[in-house]
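Accompanying notes for the structure given below.
For ligands, and for the atoms within them, numbers begin at 1 and follow the listed sequence. We're numbering straight along the sequence, starting at 1.
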Amino acid sequence: MLASFALSLLLATSALASPFNDKFGPCGTHPSAEDVIAAEKQFLEKKLENPQRDDGTLALRNLTIYWHVISEDNSVAGGNITDAQIASQIDVLNKDWKIMGVNWILGNTSRIVNKAWYYNWYKSPTDLAMRTALRRGSAEDLNVYSVGQVNYYGQRVGYSSFPWDYQSSPVNDGVVLDIGSLPGGSIPGYNLGRTLSHEAGHWGGLYHPFQGGCSTPNDYVDDTPAEADFATGCPTTRDSCPGFPGADLVRNHMDYTNDNCKTSDGGFTPGQISRSSQAFAIYRNGK
Ligand SMILES: *[C@@H]1O[C@H](CO)[C@@H](O)[C@H](O)[C@H]1NC(C)=O
Ligand SMILES: *[C@@H]1O[C@H](CO)[C@@H](O)[C@H](O)[C@H]1NC(C)=O
Ligand SMILES: *[C@@H]1O[C@H](CO)[C@@H](O)[C@H](O)[C@H]1NC(C)=O
Ligand SMILES: [Zn+2]
């Protein structure tokens, strides 16, 4: 009796201790409402000036990834992940992103031992130093920094920049990813490699479907039903904004549900695909 009480207390405590049980959840990409309004005003103006892909055609394209392996020592456990792990992560990304028309190709892998960079803090001087030293390519190239810990007001699985921020701050363009989120990684619920599919979604111009809560325009995509706040696990009948049409899209890549809840086939809606396609056309050199 006492033992089972102690066990359930332990389980309850460890559930509460999950690093993602706060208002930010697993992802550290959280633009303020003011930033979203400013970005959307500019995006709308640019879409009117450049109506590329407004006809809904999807450009099939190859995009390059520059992968920066940051480690605290030379071991795999210390962050020096293998080429095979990177390849299996890019396989997952390619399956999930096929419906976006994108085929991701690994351009180059760099390997750097740097303990300060390995424990990454969002917008810290060490984060900027890392990017300044390593970032490669142009607006249409995805730089991925794999690290041992991602900190944004607490531990996260990853975060990304948005395409409209490239011009004013190219050095900050890219995704920071916790190695525990790679396929076979150590983060429960988020270790099938779908964190990168999600962060690349931000990098391609998508918000979370709960960005604006139960409101219109919420995430500026017409066919993603409004969502009050993020979903975790896989609550397939969740409808967090009953006053708005449609249940929550818990299988969508841009929600926070577990990796095994997400789907490659339909994990992005036609509205998200079209929005992202326009963002690439406008902000990522027409790609
Ligand atoms: C993508 O790259 C492959 C070779 O890696 C090539 O065969 C294919 O034509 C390219 N696709 C596009 C749309 O450029
Ligand atoms: C990291 O691992 C690779 C093999 O995957 C090895 O060649 C390399 O020496 C290790 N360390 C660094 C800093 O590259
Ligand atoms: C990849 O990047 C590393 C580190 O910047 C560099 O030493 C290497 O030459 C690059 N390889 C290729 C094929 O560009
Ligand atoms: Zn996110």
Side-chain angles (χ1 to χ4, degrees), residues 20 22-32 35-36 57-65 67-88 90 94 96-98 100-115 117-118 122 133-134 140 146-148 150 152-153 156-162 174-179 181-182 190 194-212 219 221 224 227 229-232 249 252-259 262 267-268 272 276-277 280 285-287:
F20 311 131
D22 63 7
K23 68 174 176 171
F24 297 114
C27 169
T29 311
H30 294 280
S32 68
D35 286 351
V36 169
T57 55
L58 188 63
L60 298 181
R61 61 251 197 242
N62 291 323
L63 294 181
T64 300
I65 295 180
W67 194 296
H68 309 285
V69 177
I70 315 293
S71 62
E72 61 177 346
D73 56 40
N74 281 342
S75 72
V76 173
N80 188 23
I81 54 172
T82 64
D83 288 342
Q85 284 174 286
I86 296 170
S88 88
I90 293 176
N94 275 327
D96 287 348
W97 269 68
K98 193 166 195 286
M100 289 280 214
V102 173
N103 177 47
W104 300 91
I105 294 173
L106 183 61
N108 187 32
T109 306
S110 57
R111 296 177 180 276
I112 304 94
V113 178
N114 186 316
K115 200 163 182 166
W117 297 353
Y118 187 64
Y122 174 80
L134 301 178
E140 72 270 33
S146 62
V147 300
V150 173
Y152 173 92
Y153 303 104
R156 312 293 157 203
V157 293
Y159 63 95
S160 177
S161 59
F162 287 107
V175 166
V176 178
L177 196 62
D178 188 316
I179 52 168
S181 74
L182 266 52
Y190 300 94
R194 284 189 149 139
T195 295
L196 186 53
S197 305
H198 172 108
E199 297 304 336
H202 292 311
W203 189 81
L206 302 181
Y207 297 119
H208 299 131
F210 48 85
Q211 170 65 39
D219 64 349
V221 176
T224 52
E227 192 177 13
D229 52 13
F230 62 78
T232 55
L249 291 186
N252 191 275
H253 289 302
M254 299 317 291
D255 205 341
Y256 281 179
T257 44
N258 285 352
D259 279 5
K262 308 277 177 69
F268 294 107
Q272 286 173 321
S276 178
S277 173
F280 276 104
N285 290 340
K287 284 288 174 170

Heteroatom N/O/S of His30 within less than 2.8 Å of the Zn ion (ligand 4): no
What orientation do His202 and His208 show, parallel under 30°, tilted 30 to 60°, or perpendicular over 60°? perpendicular
May I ask you to decide if the ring planes of Tyr152 and Phe24 are parallel, tilted or perpendicular, using 30° and 60° as cut-offs? perpendicular
Degrees at the Zn ion (ligand 4) between the NE2 atom of His208 and the NE2 atom of His198, nearest 10°: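 If I round to 10°, I get 110°.
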Under 4.0 Å from a heavy atom of Val113: give me the atoms of ligand 2 that qualify, with their elements.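 That gives atoms 13 (C) of ligand 2.
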In ligand 2, which numbered atoms sit nearer than 4.0 Å to a non-hydrogen atom of Arg111? 14 (O)
Looking only at non-hydrogen atoms, which of Asp73, Ile112, Asn80, Asn74 approaches atom 10 (C) of ligand 2 most closely?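 Going through Asp73, Ile112, Asn80, Asn74 one by one, Asn80 has the nearest heavy atom to atom 10 (C) of ligand 2.
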Going by a strict under-4.0 Å cutoff (protein heavy atoms only), does [atom] have a neighbour on the protein?
| atom | value |
| --- | --- |
| atom 12 (C) of ligand 1 | yes |
| atom 7 (O) of ligand 1 | no |
| atom 2 (O) of ligand 2 | yes |

So with a 6.0 Å cut-off around NZ of Lys287, is the heavy-atom count from everything else above 12?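 Atom NZ in Lys287 is not crowded, with 12 or fewer foreign heavy atoms closer than 6.0 Å.
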I'd like to know whether ligand 1 has Leu60 as a neighbour, heavy-atom separation below 4.0 Å.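 Yes; Leu60 lies near enough to ligand 1 that a heavy-atom distance drops under 4.0 Å.
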Among side-chain atoms of Thr29 and Glu199, is any donor-acceptor pair under 3.5 angstrom?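 Note: Thr29 and Glu199 side chains meet the donor-acceptor criterion.
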Could you see which bit of Asn62 sits under 4.0 Å from ligand 1, with heavy atoms only: side chain, backbone, both or neither? side chain
Flag, side chain of His68 to backbone of Ser110, donor-acceptor distance under 3.5 Å: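 No; zero donor-acceptor contacts below 3.5 Å.
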Are Tyr256 and Tyr190, when compared by the centres of their aromatic rings, separated by less than 6.0 Å? no
Close side-chain approach of Asn103 and Leu60, heavy atoms under 4.5 Å: no
Please report which non-hydrogen protein atom sits nearest to atom 5 (O) of ligand 1, along with the residue it belongs to and the distance in Å to one decimal place.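 Scanning the protein heavy atoms, the shortest distance from atom 5 (O) of ligand 1 goes to Ile105 CD1, 4.0 Å.
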